[in-house]
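Worksheet: the structure to be examined is printed underneath.
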Amino acid sequence: MNDERRAAYPHGHHESVLRSHQRRTAEDSASYLLPYLKPGLSVLDVGCGPGTITADLAARVAPGSVTAVDQFDDALNAARAEAQQRNLPNVSFATADVHRLDFPDDAFDVVHAHQVLQHVDNPVAALREMRRVCVPGGIVAARDADYSGFIWFPQLPALDLWRDLYQKVARANGGEPDAGRQLLSWALEAGFDDITPTGSLWCYATPATRQWWGGMWADRILHSGVAKELLQLGLATTAQLKEISTAWQAWAAAPNGWLVIPHGEILCRA
């Protein structure tokens, strides 16, 4: 496994990306897992990002512990600040790659990853590693979006272009943007035989949520790592990115604007 190519994370950590990730909560992003959490459990949160989900998990399992890991210092610094702001002393942090977690076997009761497996080159190997550090009978949980399943209205051609370009840049970086529909398949290949597969949605249709999502992507398509990658790889022009940004603003301003993002979920017994 040491010689495997690693997928690159295309989004980067521009303010617009953190703005997106910092809105997430355990309730809207890990509701399938919450019934299985109880005080005293130990949790590993893989790819914790800015730590809002991490902090919610820590509050639920206290006085149990949460270990939050990510590959990027910017994300870990934001997560540390979130835990400090919420006065959660039961959270610790470390830099880690999901393919090679620096923890012993059977170290955690729950191993959780949100929007992580879509960004790794070998999600099956990642799930096997998550299983290795989970206690026998514990839970390995993962949730990922599925970009081909995004549905929006009004139908704006520039948003079709946005999805096409995002899928191309994600795959050029070694990821799988349609991960949601493949989670069950990956879990079976990883050797799990006790799997509960589910699905859930994010829906943005109110003026406030449209403005948040549309405004976030209007900035993100111009300034984040995705924009830089698209230009460097020759997949898009600056004019196209500006067109997409304008389309997201138009969608956000539409009184009938509606967007649904489907997610696959797996809850696996180790």
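Below, each value reflects all heavy atoms present in this structure, side chains not excepted, and no hydrogens, waters or symmetry copies.
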Kindly say whether [Y] contributes a backbone atom to a donor-acceptor pair with the side chain of [X] at under 3.5 angstrom?
X: Tyr204; Y: Gln211; value: no
X: Gln115; Y: Ala145; value: yes
X: Thr209; Y: Thr206; value: yes
X: Arg269; Y: Asp194; value: no
X: Ser245; Y: Leu241; value: no
X: Asn173; Y: Gly175; value: no
X: Asp28; Y: Arg24; value: no
X: Ser200; Y: His263; value: no
X: Arg128; Y: Glu189; value: yes

Could you tell me if the side chain of [Y] sits less than 4.5 Å from the side chain of [X], heavy atoms only?
X: Leu165; Y: Ile244; value: yes
X: Val140; Y: Phe108; value: no
X: Leu159; Y: Trp251; value: yes
X: Asn90; Y: Pro63; value: no
X: Cys203; Y: Leu201; value: no
X: Thr67; Y: Phe103; value: yes
X: Asp56; Y: Arg86; value: yes
X: Val66; Y: Leu88; value: no

If you measure only the distance, is there a donor-acceptor pair under 3.5 Å linking the side chains of Gln167 and Asp178?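 Per modelled atom types, Gln167 and Asp178 side chains form a pair under 3.5 Å.
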Looking just at side-chain N and O atoms, do Ser42 and Asp109 make a donor-acceptor pair shorter than 3.5 Å?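 The criterion, which ignores hydrogens and geometry beyond distance, is satisfied for Asp109 and Ser42.
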Looking only at heavy atoms, which two atoms of [X] and [Y] are closest? And how far apart?
X: Cys134; Y: Asp106; answer: O-OD1, 3.4 Å
X: Gly264; Y: Leu183; answer: O-CD1, 3.2 Å
X: Tyr36; Y: Leu41; answer: O-CD1, 3.6 Å
X: Ala55; Y: Glu82; answer: CB-CG, 4.1 Å
X: Phe93; Y: Val91; answer: CZ-CG1, 3.5 Å
X: Leu230; Y: Ile221; answer: CD1-CD1, 4.1 Å

When rounded to the nearest 0.5 angstrom, what is the spacing between [atom1] in [X] and [atom2] in [Y]?
X: Trp217; Y: Trp248; atom1: CH2; atom2: CH2; result: 8.5 Å
X: Leu184; Y: Ile266; atom1: CG; atom2: CD1; result: 7.5 Å
X: Ile53; Y: Cys48; atom1: CD1; atom2: SG; result: 10.0 Å
X: Arg132; Y: Glu129; atom1: CZ; atom2: CD; result: 4.0 Å
X: Asp144; Y: Glu176; atom1: CG; atom2: CD; result: 10.0 Å
X: Asp164; Y: Lys168; atom1: CG; atom2: NZ; result: 4.0 Å

N-O pairing of Arg60 and Glu27 below 4.0 Å: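 Yes, Arg60 and Glu27 are salt-bridged.
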Charged N-O contact under 4.0 Å between Asp73 and Arg80: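 So Asp73 does not pair with Arg80 through a salt bridge.
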How about Asp102: does its CG atom have over 12 heavy atoms from other parts shown lying under 6.0 Å from it?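 Check fails, neighbour count at 12 or below.
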Do the ring planes of Tyr147 and Phe150 sit parallel (below 30°), tilted (30 to 60°) or perpendicular (above 60°)?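 Parallel: the ring planes of Tyr147 and Phe150 meet at under 30°.
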Please state whether the rings of His114 and His112 are parallel, tilted or perpendicular, taking 30° and 60° as the class boundaries.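 Ring orientation of His114 relative to His112: parallel.
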Among the clusters formed by ILVMFWY side chains lying less than 4.5 Å apart, do Trp213 and Val226 turn up in the same one?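 Looking at the clustering, Val226 is in the same group as Trp213.
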Taking the six-membered ring of Trp162 as reference, does the cationic atom of Arg220 (NZ for Lys, CZ for Arg) lie under 6.0 Å from its centre and within 45° of its axis?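 Geometry flag: not set, cation outside 6.0 Å or 45°.
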